[in-house]
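Heads up, the thing below is written out as C-alpha cells.
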Amino acid sequence: MGSVQIVTTILAAAITAVAVWLAVRAVMKMTAVIRLGQPAPERFSDKGARTRTMLVETAGHTRMLKWGVVGAAHWFVMVGFIVLSLLVLEAYFEVVTPTGGLPIIGHWTVFGLATEIITVLGLIGIVVLMVIRLRNRPTRPGGRSRFTGSTMWQGYFVEWIVLLVLIFGLLIRGFKVATDHFEYPLWATPVSHAVGAVLPDWSDGASVAALIKIAISMTWLIIISLNVTMGVAWHRFLAFPNIFFKREPAKPAGSGLGALRPMTSQGKPLDFEEADPEKDQFGVAHVEQFSWKGLLDFSTCTECGRCQSQCPAWNTGKPLSPKLLVLSLRDHAYAKAPYLLAGGGKDLTGEEKATQAQLAHLDVLALAEADKPLIGTAEEGGVIDPDVLWSCTTCGACVEQCPVDIEHVDHIVDMRRYQVLIESSFPSEAGVMLRNLENKGNPWGAPQNTREDWTKGLDFEVPRVGEVDDFEYLFWVGCAGAFEDRAKKTTRAVATLLNEAGVKFAILGEGETCSGDPARRIGNEFVFQMLAQQNVETLNEAFEGRDKTKRKIVATCPHCFNTLGNEYGQLGGEFEVVHHTQLLAHLVATGKLTPVQPVDGGVTYHDPCYLGRHNRIFAAPREVLGDSIAGDLTEMPRNSERSFCCGAGGARMWMEEKIGKRINVDRVEEAMATGAKTVAVGCPFCSTMLNDGVNGKGAGEQVEVIDVASVLLRSVKPEQPQGGKETAPIGG
Ligand code: SF4
Ligand code: SF4
C-alpha cells in the first residue's frame, strides 16, 4: 500500500464511520417516531400479496410510469442506486489499492457490462430529472408548479449527489484504463475506455477518485441522517415498507381508494353501541393518534408534488394541497416527537400524561409544538387549517398519483371524524344535511313517502321487493335518484331501459334510506353506521336465502355504488353491486338493447371520481356512449384516472365553496372547450354540479349535461318523450 493509499484508506474509513453512526442514530429516531402511532394489525395480513405488490410497484415502477418520461428516468436512477451501490462498495477496495475490485464478481465481464449500461442510463436519467425539476421550479416565471412548497434544496442536493457519484464511478474506471489495470474488454465498457483515453496515466488516480466517490456518498448519508424529514432521500428506503404495508395490497391502483377505513381505536374497529369517547379514540385529534402506518406515510413523502398537481382544491385556488398537508403532519410529528418520547401526550379526557419531572429537560420548541392544535387557524397556531381540512372532495386524485402509496383520504377523514364527532366543528351549512340524514334518512330532508314519486308517469309498473320474488336486480334508487329532479330523469331512464331489455328488477321504495356516504365522508361515522346498519338489515332481508352471487344490486349513484359494494361488507352486508352503466353496457353487448338512432352534436364524458378512480370503471360508460352516439366520443384532456372532480364529493355537495374558483366551473370550461353539445355523466352529483356550471356560464341552451342512461334511451327509443313526467320538487 503506497502513502497515497494509506491516506485515502484512513479518510474513507473515518468519514464512513461518522456517516454510519449518524445513519444508525437517524434510523432509530425514525423508528421511534413511527412507533408512536396507533396499532394497525391488519397491515400484517396477506404477506404474499404484499410482497408481490411491493416488488411489482418498485421493480416495475407501475405507478411512476404513469408519468412516462419521469417514470422511465426515475427507474434508471433507482436501478442505478441499487446496483451501483456495489460500485460504492468496490470503491473501498480501490482506496486500498488502485487496482482493487470486488471479490468474485469484480472481474466478471457481465458485471462490468451491466454496471456500464446502468451507469450510462443512470446518467441520462438523472440529467432528465434535473431538467424536469428546473423547468418546474416554483420560482419560474408564470404558472403553478407541482414543486410549490417542496424543499427545493433537498431535491437539487440529492440529484447532484447521484450525478457526481456516477461521474466519479466513470473516473475510477477511466484511471484504471489509463494505467492499463482495467479488467473489462472494450466492447463491454466503451464509455469507461473513452474516459480513460483522455485521462493521464496517474497510478494513484483510481484511489483518489474512489475516495472522492466515497466522500460524496457519505456526505449524502450524513446530510440525510441529520435531516430525518428529508423524504426526497429517505424514500429510497421507506418506499419499500410503505408500499408493503399499504391498506389493500391486492389493489392494482391506489390502495386508499374505494372504501374508507373503519374508525378504529387501539387498532380495533369501533362499535358505536359500546364506544365511549373517554375510553376510545374518536378520529384523530393529535398527530400520534394516526396509526404507525400514517406516520410512515408522512415520513415517506418524496415531495414530488404529483398529488398537488392533480388536486382539484389546489388547482382552483383553495388552501389544500395534499402534499403540503402531508408535509405539515410530518414536520409536526417529528417536532413533537421529543415530547411524546419523554412520556408526554394527552389522554382521552385531555389530561397531560407526563409528570413535570419527565418534561423538565425538554426542549422548549418540542413543548411549543406539543401545544399546537392539530386543526386550527394560523392565529390559533394550528397545524392544519380548517379551510384545508374541509376543502377536500375525497376525489382520490392524490392517492391515485402518489408513487409511494400514501393514503391521504383516510388521514383527512380521520381528522374530520374527531372534528365532527367530538368538537362538533364543521362548516355550518353541512349541519342541515346531517340533521336531515338523522331525521329523514336523506340529505335533502324530503318526506320518505315521496321516495317512489319518480315512478309516476311511467307506462309500466315498477315492482317493490316483497311484491315479487324472482327479481334479478334490486334497483337501488338512491336519495338523489328519488328526490332530485334531474336525477329522477336518470332513474326513469334506467328503469325504462331495464324494462325494455326484460330485466327483472325491484325497488325497496320507502324501505330505502341514504347509503350514508355523505355522513361518512364528512366524518360523522355515527350517522353513517346508523344508516348503513339499517340498510344492511333491509338488504339482507330482501336477499334472504340467496348466496352472494345472486344478491345483485344496480345503483345509479357512484357514491351509493361504492358504499354498498365496498363498505357495507364492514357491517355484514355482502352484495354484488354494479353501476347502471355496467349493466347497460352488458345489455347492449348481448343484444337486449339496440340503439337505433345515434345521438349527434358531439358528446364528451365526465368520469365521476367514485365510479372511475375509486372503482376503476372507465370502459362501461364509454362503451354505452360509443354505441349510442354519432361519431367518436370526444375526450376531455383530463379523463379516466386523471379525471378532474366536479367538486361535490366528500360531502362538499352540502358545503359552500367560498374560496378560489369554483371546481365545477373549471370542469365545465374544460368540457365546453371540447366543442361537444352533450356532456354525459354517470353520477347525480356530477350532473347537478356540471349543470350548475353550464347554467352559470349562460350556456344552458347550447350545452346539455345528461346521464349516460339518458343518452342511450334517446338512441334506443328516440320516439319516447325523455325523462317522463316531472314530479314535485325536492321536499315537495
Ligand atoms: S382527495 Fe382530491 S381534493 Fe382531497 S386532497 Fe386528494 S386530490 Fe385534493
Ligand atoms: S404524490 Fe405522494 S410522495 Fe409525491 S408529494 Fe404527494 S404525497 Fe408526497
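Note that this is a predicted model, so its numbers are computed, not measured. Whatever order the structure lists ligands and atoms in, that order sets their numbers, starting from 1.
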| field | Ring centers of H411, F298 separated by less than 6.0 Å | value | yes
| Are the ring centres of W292 and F245 closer than 6.0 Å? | yes
| query | Is the shortest distance from a Lys or Arg side-chain nitrogen in R261 or D410 to a carboxylate oxygen in the other one below 4.0 Å? | reply | no
| request: Provide the tally of protein N/O/S atoms nearer than 2.8 Å to atom 4 (Fe) of ligand 1. | output: 1
| Proximal protein heteroatoms (N, O or S) of atom 4 (Fe) of ligand 2, under 2.8 Å | C304 SG
| note | Only residue of R146, R133, H74 satisfying side chain to side chain contact (heavy atoms under 4.5 Å, CB included) with C304 is R146
| message | Show every ring pair (Phe, Tyr, Trp, His ring centres under 6.0 Å) that has at least one partner inside residues 299-324, sequence neighbours left out. | response | none
| message | Testing the basics here: between P427 and M655, what is the closest heavy-atom pair and its distance to 0.1 Å? | response | CG-SD, 3.6 Å
| message | Holding to salt bridge (Lys or Arg N to Asp or Glu O under 4.0 Å), I want the full list of residues that pass it with R416, two or more places apart in sequence or in another chain. | response | none
| query | Can you name the nearest heavy-atom pair linking R486 to S687, along with the distance? | reply | CD-OG, 3.9 Å
| query | Can you name the nearest heavy-atom pair linking N242 to V404, along with the distance? | reply | ND2-O, 2.9 Å
